[in-house]
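Quick caveat: nothing in here was measured; it's all calculated off a predicted structure.
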Amino acid sequence: MTEREAAVERDPEVVSQFVEHFAAQLVEAGVPRMPARVFAALLASDAGALTSAELGGQLKISPAAVSGAVRYLAQVHLVSREREPGSRRERYRVHSDQWYEALTSRDAIIKRWEDALREGVASLGAETPAGRRLADTLAFFEFIEQDVAGMLERWRRHREESARG
């Protein structure tokens, strides 16, 4: 085991303070409170993975709260579920590329929104105030989609170069 891989002892209170502070930032950005807390706890764990019991104990929440939070986080591609070898217990894991995956999955959502907006412009009329508003919203999503795709590609290259250097 390398020095980097060795477990580092940390004050659980310091970890808890970070988890709650980061979760509060996520909540301000629109993430529901319990998924924000679970995600922050997973992110702050050295292994990047915890069981339901570990999450419940650390966050002092019920198994049902953990389950609901994990379901939400899995739907938005921020965590994955995995079975512990030889056990029926699941572990919930964040990956180092979770932000990349989450943004990539948003691409399909944005495309569906764009399709709906195009239909709305055609249905409401491009020259009506509502049609112009929908067209402007469509143009915004098309711009964002293009910029995010380029940004994700630049991130992938940057990460590969950083790993080599």
Side-chain angles (χ1 to χ4, degrees), residues 15-45 47-50 52 55-56 58-83 90-165:
V15 173
S16 180
Q17 287 173 358
F18 165 76
V19 166
E20 296 304 327
H21 177 72
F22 188 61
Q25 300 305 309
L26 293 171
V27 169
E28 281 189 34
V31 177
R33 183 173 182 270
M34 209 50 69
R37 293 182 71 217
V38 167
F39 180 73
L42 287 168
L43 202 58
S45 72
L50 296 167
S52 179
L55 284 163
Q58 180 180 340
L59 299 173
K60 297 174 180 52
I61 59 176
S62 70
V66 171
S67 178
V70 168
R71 186 172 31 260
Y72 173 89
L73 293 167
Q75 287 173 344
V76 296
H77 305 280
L78 287 176
V79 302
S80 61
R81 300 169 192 251
E82 56 189 41
R83 289 261 184 228
E90 286 187 328
R91 293 183 73 77
Y92 308 111
R93 175 172 301 283
V94 292
H95 298 279
S96 58
D97 61 351
Q98 77 267 0
W99 300 113
Y100 180 91
E101 292 300 322
L103 282 173
T104 301
S105 71
R106 293 287 189 261
D107 191 46
I109 294 167
I110 290 173
K111 285 188 184 313
R112 288 195 307 263
W113 290 351
E114 289 173 355
D115 291 344
L117 288 164
R118 275 188 203 90
E119 289 174 18
V121 170
S123 298
L124 300 175
E127 299 307 316
T128 66
R132 284 191 296 273
R133 190 170 42 257
L134 293 178
D136 190 43
T137 303
L138 172 60
F140 171 77
F141 282 124
E142 289 172 337
F143 176 81
I144 292 297
E145 178 187 15
Q146 185 177 39
D147 204 40
V148 167
M151 180 179 57
L152 290 174
E153 178 57 28
R154 288 189 305 277
W155 167 249
R156 188 189 58 71
R157 283 195 313 266
H158 170 78
R159 191 161 180 213
E160 287 174 2
E161 290 167 8
S162 295
R164 283 184 251 149

Task: Distance (rounded to the nearest 0.5 Å) between Glu145 CD and Lys111 NZ - done: 3.5 Å
Task: Qualifying residues under salt bridge (Lys or Arg N to Asp or Glu O under 4.0 Å), relative to Asp136, sequence neighbours excluded - done: none
Open item on the list: Evaluate Tyr92 against Leu73 for side chain to side chain contact (heavy atoms under 4.5 Å, CB included), listing each step before the verdict.
Closed with: CA-CA 10 Å; Tyr92 308 111; Leu73 293 167; over 6 Å; no
Task: Closest non-hydrogen atom pair between Ala40 and Phe18, with its separation - done: O-CE2, 4.3 Å
Task: Under the side chain to side chain contact (heavy atoms under 4.5 Å, CB included) test, residues paired with Ser67 that sit two or more places apart - done: Arg71
Open item on the list: Donor-acceptor pair, distance only, cut-off 3.5 Å: does the side chain of Arg93 make one with the backbone of Ala47?
Closed with: yes
Open item on the list: I'd like to check the salt bridge (Lys or Arg N to Asp or Glu O under 4.0 Å) partners of Arg132; sequence neighbours left out, ordered by chain and number.
Closed with: none
Task: Gln58 side chain reached by Val19 side chain, heavy atoms, under 4.5 Å - done: yes
Task: Contacts of type side chain to side chain contact (heavy atoms under 4.5 Å, CB included), residue Arg159, not counting sequence neighbours - done: Ser96, Asp97, Trp155
Open item on the list: Are Ile61 and Leu55 packed together at the side-chain level, in the sense that at least one heavy-atom pair is separated by less than 4.5 angstrom?
Closed with: no
TODO: Please check if atom CD in Glu153 has more than 12 non-hydrogen atoms from other residues, nucleotides or ligands closer than 6.0 Å.
DONE: yes
Task: Pair Arg118 + Asp115, salt bridge at N-O below 4.0 Å - done: yes
Task: pair Val148-Met151: side-chain heavy atoms closer than 4.5 Å - done: yes
Listing, residues 24-39 side-chain donor-acceptor contacts under 3.5 Å, not counting sequence neighbours, or none:
| from | atom 1 | to | atom 2 | distance (Å) |
| --- | --- | --- | --- | --- |
| Arg37 | NE | Glu20 | OE1 | 3.1 |
| Arg37 | NE | Glu20 | OE2 | 3.0 |
| Arg37 | NH2 | Glu20 | OE2 | 2.9 |
| Arg37 | NH2 | Leu59 | O | 2.9 |

Task: Nearest atoms (heavy-atom pairs only) where Val66 meets Ser52 - done: CG1-OG, 3.5 Å
Side-chain donor-acceptor contacts of residues 120-131 below 3.5 Å, not counting sequence neighbours, with atom names and distances?
| from | atom 1 | to | atom 2 | distance (Å) |
| --- | --- | --- | --- | --- |
| Ser123 | OG | Glu119 | O | 2.9 |
| Thr128 | OG1 | Leu124 | O | 3.2 |
| Thr128 | OG1 | Gly125 | O | 2.8 |
| Thr128 | OG1 | Gly131 | N | 2.9 |

